[in-house]
Amino acid sequence: MYADEFSSFAQPTKEALRQERSMDDETADPDATATYHAEDVRLLHHYIRSLIGRKLYDSADLIGGLLLCCTRPAISSHSPSMWDLHATSLELYADSLVGKGERHRALSFYQQADAHRKCAATSSLRCSPTQLLGLPPTSPPCPPPSLPINFKEARCHLSLNKPSQALRALLSVSTSTRESSVPVAVTLGHVYRRLGVQHDAQTAYKDAVCHDPLALEALIGLAKTGMDEEDIWRLVTGPWAPCGGARPEEGVRRGVGKGRGGSEEAKGSSSRRPKGSQAYESVGLRGRSSSDENSVWQVLRTKTLPWLKVWVQAHVALTAQNWAVAAERFGELEVRYFPKSTHCLLQRARAQVGMDLHMDAQQTFGRAVEGEGGGEVMEHMDYYAVVLRQRAAKGELAHLAHRLMDLDTRRPEPWIAAALHSDLKGEKESPLVLVERAIKTDPEHVLGYQVRGTLLLALGKAEAAASSFLQGSRLQKDMNGYKGLVDAYLVQHKFKEALGCAKEAFSAMPKSATAITLVGRVLAQLPEGREKAKRAFQRALSMNASTVDALLALADLHLGAQEYDKCIHLLSSSLQNSGHDFLHTKLGEAYAISGDFSKALACFNTAVSMNPSSAPATAGLEKLEKLLRGVEPEEDGEGEEVDEEVEAEEDDMVEGTTD
C-alpha cells in the first residue's frame with residue numbers, strides 16, 4: 001500500500017536535488033545556523049548507534065531528528081560521500097523509530113536513505129563513514145551490556161500501565177546495574193515519576209545522565225520532576241562515567257544543587273573523571289582521549305552543547321508551563337540550529353496552544369506535519385486536534401482524525417481527534433464514547449480527561465465535568481485542568497470551591513498570567529469583587545499582553561459597567577498586535593451595545609471572513625439584526641448569592657495578585 005506513496009523517493013533527480021538545495025539555501029542563515037563537519041557527523045552517527053544498541057530509542061530519535069536538519073544541506077554538495085552521510089543519518093533515524101514502534105514513520109526515512117545511497121553509489125568516490133572512522137558498521141563505542149530479565153519484565157508492566165509491578169521488577173535488579181545501566185536508570189525514573197515519587201525519579205534520572213549526558217529522555221525527565229535548568233546543566237557538564245565505567249563521586253552526583261563540584265573533596269578528585277569531562281569552554285577542542293567514547297563526547301561538547309543548553313532551557317520552560325519562553329527557545333533551536341526540525345516545531349506549537357494562540361499554533365503544527373516524516377508523527381497531534389476544533393476547521397480535523405486512525409489506534413491521540421471532530425459536527429453522545437475510548441487506551445493521558453470534562457460541561461453536566469477535570473489533575477497539575485475545574489464550579493455557583501481552585505493555581509504558578517486571570521474570573525462573579533477583578537486582569541495583561549482570557553474578561557467587565565469607550569480602546573489596541581477572529585467579534589459586540597451599528601457590522605463580517613465557522617460571530621450578526629429591527633437583546637441574569645466565607649478570602653487573593 002505504500003509503493004505509490006513513496007515512489008518519489010526511488011531515484012531523486014538532479015532537478016529535485018537542485019530544488020531541495022535552493023530551499024535550504026533560502027532558509028539557512030550562514031551567520032546564525034550552526035554547522036557540523038563531516039567528521040563530527042560521523043561521530044554523532046557512532047553515538048546514535050550506541051544509543052540504539054542500549055535501547056535508548058527516545059534519545060536516539062531526538063538526536064537523530066535534530067541531526068537530520070544539519071546533514072540535509074550536505075546533499076547540496078556534489079560529493080557522493082556527503083550524500084552517503086545524509087543517507088546514514090536517515091537510516092539511523094529510521095532505526096530509532098523502529099525501536100519506538102513507529103514503523104510507518106520509519107518506512108518513509110528508509111526509502112529516502114535508500115534513494116540517497118543509490119545516488120552516492122553511482123560514483124567511485126563513495127566511501128563508508130564508518131570505514132573512515134575505522135570501525136565496523138554496527139559497532140557502538142561500548143558493547144551494550146545484556147539487560148536483565150527483570151528489566152524486560154518491568155518494561156512490559158510499564159507499557160501495560162502497571163507502574164507498581166514495574167517498580168517491584170526493577171528493584172529486584174542489582175543496585176549496581178540500576179545505577180550504571182542507562183536504560184534501567186531511565187526506566188526506573190519513569191516508573192517513580194508515574195507513581196508520583198519525584199525525588200526518587202530525579203535520583204534515577206541523575207544516574208542516567210551521569211553515565212550518558214546525551215540521554216535526552218533523562219534530561220526531559222529531570223525537567224518534569226521540577227529540576228531547574230541550572231542544576232540540569234551542571235549535571236550535563238559535570239563528571240561523567242562512560243558506558244558503565246567509573247562513576248562520579250557520590251557527593252557530585254547527589255549534590256547537584258550545591259554547585260558543579262558538590263563537596264570540596266569531590267572537587268579535588270579528578271582521577272576518576274575521563275578526559276574531556278570539564279565544563280564546556282568556547283576555546284574548542286584541546287585534545288582527544290584514545291577512548292572512542294571520550295572522543296565522541298569531546299567533539300559533542302564543542303559542537304553540541306551550544307544547542308543543548310537552549311534545548312534544556314526550552315524543555316524546562318515547557319514543563320513549567322512558561323509557554324512564552326518555551327515558544328521562543330524552540331523557535332531559536334529551529335531557526336539557528338535545526339531548520340525544519342519536526343521536534344522543535346511540535347514543541348513550539350504546544351507552547352502556542354498553552355498561550356491560546358490557536359491561529360499561530362495551527363500554522364506551526366501545519367509546518368511540522370508537512371515536513372520530512374511529519375505525516376506519520378503522533379506526538380501532540382491531540383493538541384493539534386484541539387486547535388482545529390477551536391478554529392472550527394472541520395475539513396482539516398476530519399483529515400487529521402482519519403490519518404491518525406490509520407496510523408495507530410492503540411494510542412489515545414486518534415480517539416481524541418475523532419471525538420473533537422464528532423463534537424464539531426454537532427453530535428451529542430458520540431464524542432463522549434470516543435473520548436472514553438481514548439482514556440481506556442491510556443488511563444494516564446491527561447488531555448483525555450480534560451476533553452471529556454469540556455464535552456460534559458457543554459452538555460450541562462457540570463458536576464460530572466468537575467469530576468473529570470479532577471481526575472486529570474490527580475495525574476498532572478496544569479493550567480488547562482485548573483481552568484476547566486474553575487469553569488465547572490462557576491456553572492454550579494460553587495464560588496468557594498472555584499476560588500480555592502484559582503488560589504491553588506496561583507500558588508503553584510505565581511508568575512503565570514493565566515493563574516492571575518483565573519483569580520480575576522472568580523472575583524468577577526462576586527457582588528463586590530468586580531473592581532478587584534479588573535485589577536487582576538490588568539495585572540495579567542501587564543505580565544503577558546497575549547493572555548486572551550484576561551483580555552476578554554476585562555472587556556466584559558467594561559461592557560457590564562457601560563464603559564464602552566474603555567472596552568473599544570482595549571480591544572482595538574489588542575487587534576494591532578494579534579488579529580484573532582474572536583477579538584473582532586468582541587469588538588463588534590462593544591460597538592453594537594454602544595449604538596455604532598455600522599462599525600459593529602464591519603467587525604462581525606471581518607470575524608466571519610477570517611473564520612466562517614465561528615458561531616459567536618454568526619450569533620453576533622443575528623443579534624445585530626435584532627437591534628436594527630428594534631428588538632432589545634436578552635439581558636443576563638443577576639449574580640447569585642455568595643458565601644460570606646468566599647468574600648472574606650477575596651481581599652487576600654487580590655492583594656496577592658497586585659503586589
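Residue Trp415 forms a side chain to side chain contact (heavy atoms under 4.5 Å, CB included) with just one option from Val435, Thr409, Leu404, and that option is Thr409. Applying side chain to side chain contact (heavy atoms under 4.5 Å, CB included) to Leu216 and the options Val209, Leu56, Leu308 leaves one that passes, Leu308.
Checking Arg54 against Ser50 by side-chain atom types alone, a donor-acceptor pair falls below 3.5 Å.
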>> Does Glu396 form a side chain to side chain donor-acceptor pair (under 3.5 Å) with Gln362? I'd like the steps, not just the answer.
In response: CA-CA 10 Å; Glu396 292 180 61; Gln362 183 178 3; 3.2 Å; yes

>> If you apply the rule side chain to side chain donor-acceptor pair (under 3.5 Å), what do you find for Gln347 with His380, and how did you get there?
In response: CA-CA 8 Å; Gln347 307 310 316; His380 292 331; 3.1 Å; yes

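With salt bridges taken as basic N to acidic carboxylate O contacts below 4.0 Å, none links Arg193 and Asp200. Remark: Lys340 does not engage Glu334 in a salt bridge, criterion side-chain N to carboxylate O under 4.0 Å.
Remark: aromatic rings of Phe330 and His315 are close, center separation under 6.0 Å. Taking the ring centroids of His190 and Tyr205, they lie under the 6.0 Å cut-off.
Screening residues 411-420 for salt bridge (Lys or Arg N to Asp or Glu O under 4.0 Å), with sequence neighbours left out, gives Arg411-Glu413. Within the structure, side-chain hydrogen bond (donor to acceptor under 3.5 Å, both in side chains) pairs that include any residue of residues 441-450 comprise Asp382-His445, Gln450-Asp478, Gln450-Asn480 (at least two apart or interchain).
Of the inter-residue distances, the one linking Met227 atom CE with Thr319 atom OG1 reads 13.0 Å to the nearest 0.5 angstrom.
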